[in-house]
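Heads up: numbering here begins at 1 and tracks the sequence.
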Amino acid sequence: MRIETDLKLGFTDVMIRPKRSTLSSRSLVSLEREFIFLHSKQKWSGVPIMAANMDTVGTFEMATALAKHKLFTAIHKHYSLQKWKEFMQTANEKITDYIAVSSGIGSADSKKLAAIFSQHPELKFICLDVANGYSEHFVNFVKKTREQYPDKIIMAGNVVTGEMVEELLLAGADLIKVGIGPGSVCTTRVKTGVGYPQLSAIIECADAAHGLGGQIVSDGGCKIPGDVAKAFGGGADFVMLGGMFAGHTESGGKIIEINGEKFKQFYGMSSETAMNKHVGGIADYRASEGKTVEIPFRGAVENTVQDILGGLRSTCTYVGASRLKELTKRTTFIRVQEQHNEIFSK
């Protein structure tokens, strides 16, 4: 046993210090980024915000709505081959730049992934997703997937430390998903005591990834547009959102009416709800590590997208960054005791 005493920070521990700016309007800020990925050598451009690969978020409907703004969706792994076929027949041909096929690391997952790519070779992104990216089995699965799909862009995670980012990049991943426990419907930290404050995880993992020519995706912990800005300021290349994209018309989850008001169900993918739905219940050797909540129905995701992008552009004007790429270079975080005045908060 050992104790690390250096400070680790989450989004609520800091604010971004404003700096002199020559930008006269938010409209002058470009939020698009361009990346060439480490192993696949494929080029991508767009707004690097992602909908999470949860079945209450990463839906085909969400992908269609977000792609209009060049935002990305990691499609959840529970769609059938037939559903994929139907979607690909109706989707705009450019949609392949803004969606990933998600997969676990079991043999059935591997077969399904192969079937989807056999049916739709034009798809470009793979999202290999496990709660704990530290296992040797996961590293080997990433290696095997890279051998199988040399020209596909592979996103893998989740991890929170630099050495594991490096190991997964060297194993063949292009993008590393960073985050253990920060999600709004994740209870890993409560059930296991394991986790890492998200901002510090981003800073440390981005440093490791960029040193090898890879990229990271900050996954979890964003509650408000300001948190998305802080994630980018800390060095994240992409920011993945679950709760912020949940509860919309395009989100998954059933609509529930309570006292005449509409709500949508949102749950973690390790929750009892998800496991009952997809794998017939919780295995006797594990516990649920997610919760189920009802979110007030928010309508079309379009308004939320504009709110997030507008906030991000505003952040850039406050620090004088004309492009999203410049934000991290112009970010100075200050430690704070409070974030905002909550006198009229509900």
Q. Between His248 and Asn303, does any side-chain donor sit less than 3.5 Å from a side-chain acceptor?
A. no
Q.
For a 4.5 angstrom cut-off between non-hydrogen side-chain atoms, does Ser135 reach Val130?
A. no
Q. Any donor-acceptor pair under 3.5 Å linking the side chain of Asp109 with the backbone of Ser103?
A. no
Q. Rounded to the nearest 0.5 Å, what separation is found between the CD atom of Gln215 and the CG atom of Asp174?
A. 8.0 Å
Q) Do Phe245 and Ile49 touch side chain to side chain, with heavy atoms closer than 4.5 Å? A) yes
**Q.** Whether Ser21 side chain and Thr317 backbone form a donor-acceptor pair below 3.5 Å
**A.** yes
**Q.** Donor-acceptor contact below 3.5 Å, side chain Asp237 vs main chain Ile216
**A.** yes
Q | Shortest non-hydrogen contact between Leu123 and Lys152, atoms and distance | A | O-NZ, 2.6 Å
(Q) With heavy-atom distances below 4.5 Å as the criterion, would you say the side chains of Leu241 and Ile308 are in contact? (A) yes
Q: Evaluate the side chain to side chain donor-acceptor pair (under 3.5 Å) criterion for residues Gln198 and Ser218: first the C-alpha distance (whole Å), next the side-chain angles of each, then the deciding distance (0.1 Å), finally the verdict.
A: CA-CA 8 Å; Gln198 188 67 3; Ser218 169; 3.1 Å; yes
Q) Sequence neighbours excluded, which residues qualify as salt bridge (Lys or Arg N to Asp or Glu O under 4.0 Å) partners of Lys124? A) Asp97
Q) How about Tyr318: does its OH atom have over 12 heavy atoms from other parts shown lying under 6.0 Å from it? A) no
Q: State which residues pass ring-ring contact (aromatic ring centres under 6.0 Å, His included) with Phe117; sequence neighbours excluded, sorted by chain then number.
A: Tyr149
(Q) So does Leu327 get a backbone contact from the side chain of Thr331, meaning a donor-acceptor N/O pair under 3.5 Å? (A) yes
Q) Is it true that the side chains of Thr161 and Glu163 contain a donor and an acceptor less than 3.5 Å apart? A) yes
Q: Indicate yes or no for a side-chain donor-acceptor contact from Gln339 to the backbone of Thr12 under 3.5 Å, with no hydrogens or angles considered.
A: yes
Q: May I ask you to test the Asp227-Met244 pair for a side-chain heavy-atom distance under 4.5 Å?
A: no
Q: Please work out whether the ring planes of Trp84 and Phe87 are parallel, tilted or perpendicular, with thresholds of 30° and 60°.
A: perpendicular
Q.
Less than 3.5 Å apart, any donor N or O on the side chain of His69 or Glu302 sitting next to an acceptor on the other?
A. yes
Q.
I'd like to check Ser322 versus Leu23 (side-chain heavy atoms, cut-off strictly below 4.5 Å). Are they in contact?
A. yes
Q: Would you indicate whether the side-chain heavy atoms of Ser251 and Arg298 approach each other to under 4.5 Å?
A: no
**Q.** Fellow cluster residues of Phe35, listed by chain then number, with links counted only when side-chain atoms sit under 4.5 Å apart
**A.** Phe37, Trp44, Met50, Phe72, Tyr98, Phe125, Ile153, Met155, Leu175, Val217, Phe238, Met240
**Q.** Heavy atoms of other groups near Glu122 CD, more than 12 under 6.0 Å
**A.** yes
Q) For Glu250, does its backbone N or O pair with a side-chain atom of Thr59 as donor and acceptor, under 3.5 Å? A) yes
(Q) Would you say that Phe333 contacts Lys230 through its side chain, given a criterion of any heavy-atom pair below 4.5 Å between the two side chains? (A) yes
Q. Do the side chain of Arg189 and the main chain of Ile180 share a donor and acceptor less than 3.5 angstrom apart?
A. yes
Q) Taking the side chain as C-beta and beyond, is there a heavy-atom pair between Pro296 and Glu261 under 4.5 Å? A) no
Q.
Tell me if the NZ atom of Lys19 is crowded by more than 12 foreign heavy atoms within 6.0 Å.
A. yes
**Q.** Check ion pair Asp6-Lys8 (N to O, under 4.0 angstrom)
**A.** yes
Q: Locate the shortest heavy-atom distance separating Arg33 from Pro48; write the atom from each residue and the value.
A: CG-CG, 4.1 Å
Q | Arg26 versus Ser314, side-chain donor and acceptor atoms under 3.5 Å | A | yes
